[in-house]
Amino acid sequence: VWKKIIQCFKYLKGDMIWKVYSVDNEDQAGASLEFAVPRDIINGFVDNRREYYKFRFQNVFDQWVKQEDIFEKTAKPVIDSVLAGYNGTIFAYGQTGTGKTFTMTGGAEHYSDRGIIPRTLSYLYECTEDRNVHFTTHISYLEIYNEMGFDLLESRNEAYRLDDLQKVTIMEDLDHNIHLKNLSLQLSINEEEALNLLFLGDINRVIAKTPMNQASTRSHCIFTIHIRKREPGCATMRHSKLHLVDLAGSERVSKSGLSGQLLTEAKYINRSLHYLEQVIIALSETDRPHIPYRNSLLTSVLRDSLGGNCMTTMIATIAVDNGNLEESISTCRFSQRVAVINNNPILNEILDPDLLITHLKMEVQCLKEELSLVKEGQRNDRLTVEEIERYLVIFWLHSRPFWHFSHTYIHTYIHTYRHTDIHTYIHTYIHTYIHTMDFLGLCTFIGQGLRSHVQSGIVSLFHFVSHIYIMLMWGQHSS
Ligand SMILES: Nc1ncnc2c1ncn2[C@@H]1O[C@H](COP(=O)(O)OP(=O)(O)OP(=O)(O)O)[C@@H](O)[C@H]1O
């Protein structure tokens, strides 16, 4: 068994960093991350004891991992299921400055530093190139800053102030579905258009210089790709959405020494992450009747991703230096809780609206025809031959039990009525049939025995008429 142990004996800024963690990617159940803190590392963390913490995850990546590998192992399976019609979410969570934005969006220096979002767009449009399947993609980009929602794409222009952006509010319908009012959906037909929307949104994001990160993102951002897929000749349509979430980073206010605006932002960020944690804890405990989604905008928006109809992947980012050990362990604890949540993704399939409309129009037309026949005095003209034939087919099927009718009897009738207006005759019968059936349906007071007796009498009569009609038609054709 190949075991990859990361050796962390390394000098950083002149200080010795002890080996406090190890990664085992060949653990029996996925991968494990183990912290072994020696007693002499104090840093306000260990209390003169050696401590071990072991966490198991699907994958554990070290700081030298390539962006491509992260995409392949974490994002690609989710995108594949989104393309198949399921909802998906990938969200990055972690302490400030640990690489969430780098993982989700990427670095600007090298092309290979592209993060999950641009790689997702490339992969997605590559998959949707199949001309046989009709795909439509729309994009929305929501920012949650200080507990307020903003549309990062609404203006399709660069915003100079936060107030230039459209405010997004949350609404809940009677079925408890969440709707985001004022969040625009931008159609994007190819990768280039989608990337332009991503760049525009990233320019509009609130970013500030903090002691922990030179370009700290001060808000939670949710980049959503909405997909509609229709296969030719298929009566159904699939619609799914993929949320790509870059959460703002948590930070210890006392440790980072923030003040003013940065302090206010940090308080909002920490509070919303605290509510997120509460939701995760409630979801991981199976007997909890209430999940406190409504406590914050973030948990309300991510409600479906956290415990509903969605395939969700969480990427936790941690710092590997001793100074942030406590935060790293706390991030792992949180991730472990998220890992035990069971979501229930379902295929989002609906009847194609165009086909549904055609089908409903046909049904309305049939009902109109039926109504005009039933309504007295509405139809004075005679039934056409096609109409008679159509009704006779229905009666024929209804009267199946009476198919033993005597042929001799029918021949006598044909002989008698040969010179009468057979159309008028059948027309009258059909009206009588419909009225009587209708009347029987309405008269609830008629007992079942009598009802079936009358019904079978009428049906046999019409069966008889239909025989006459067919024999006559046959006689006309043969002569
Ligand atoms: N794997 C990596 N390789 C190279 N540089 C990285 C990597 N991860 C992060 N960085 C760099 O570390 C810095 C902080 O990363 P980033 O801004 O992504 O952190 P963050 O978790 O999003 O922080 P915040 O929560 O404050 O927004 C950036 O300069 C980024 O380029």
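Because the structure is predicted, anything quoted here is derived from the model rather than measured.
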Identified side chain to side chain contact (heavy atoms under 4.5 Å, CB included) partner of I117 from the options L198, I90, L195, T103 =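 Exactly one option meets the side chain to side chain contact (heavy atoms under 4.5 Å, CB included) with I117, and it is L198.
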State, to 0.1 Å, how close [X] and [Y] come at their nearest heavy-atom pair, and which atoms those are.
X: N204; Y: E143; result: O-OE1, 4.0 Å
X: P77; Y: E72; result: CD-O, 3.6 Å
X: K241; Y: N87; result: N-OD1, 3.1 Å

query = Between H220 and D246, does any side-chain donor sit less than 3.5 Å from a side-chain acceptor?
reply =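 No pair is found: no donor N or O on one side chain lies under 3.5 Å from an acceptor on the other.
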Count the heavy atoms of every other residue, nucleotide or ligand shown that sit under 6.0 Å from [atom1] of [X], and state whether that count exceeds 12.
X: M237; atom1: CE; answer: yes
X: Q336; atom1: CD; answer: yes
X: E192; atom1: CD; answer: no
X: H110; atom1: NE2; answer: no

inquiry  = Strictly below 4.0 Å, N to O, side chains only: are K167 and D151 in salt-bridge contact?
reply    =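 The answer is no: the pair does not qualify as a salt bridge.
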request  = Enter the distance from I227:CD1 to N348:CG here, rounded to the nearest 0.5 Å.
outcome  =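 Here the rounded value is 11.0 Å.
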message = In this structure, is the centre-to-centre distance between the rings of Y93 and F334 below 6.0 Å?
response =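 When the ring centroids of F334 and Y93 are compared, they turn out to be within the sub-6.0 Å range.
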query = Hey, does the Lys NZ or Arg CZ of R114 hover above the aromatic six-ring of Y111, less than 6.0 Å from the centre and inside 45° of the axis?
reply =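 Satisfied, under 6.0 Å and within 45°.
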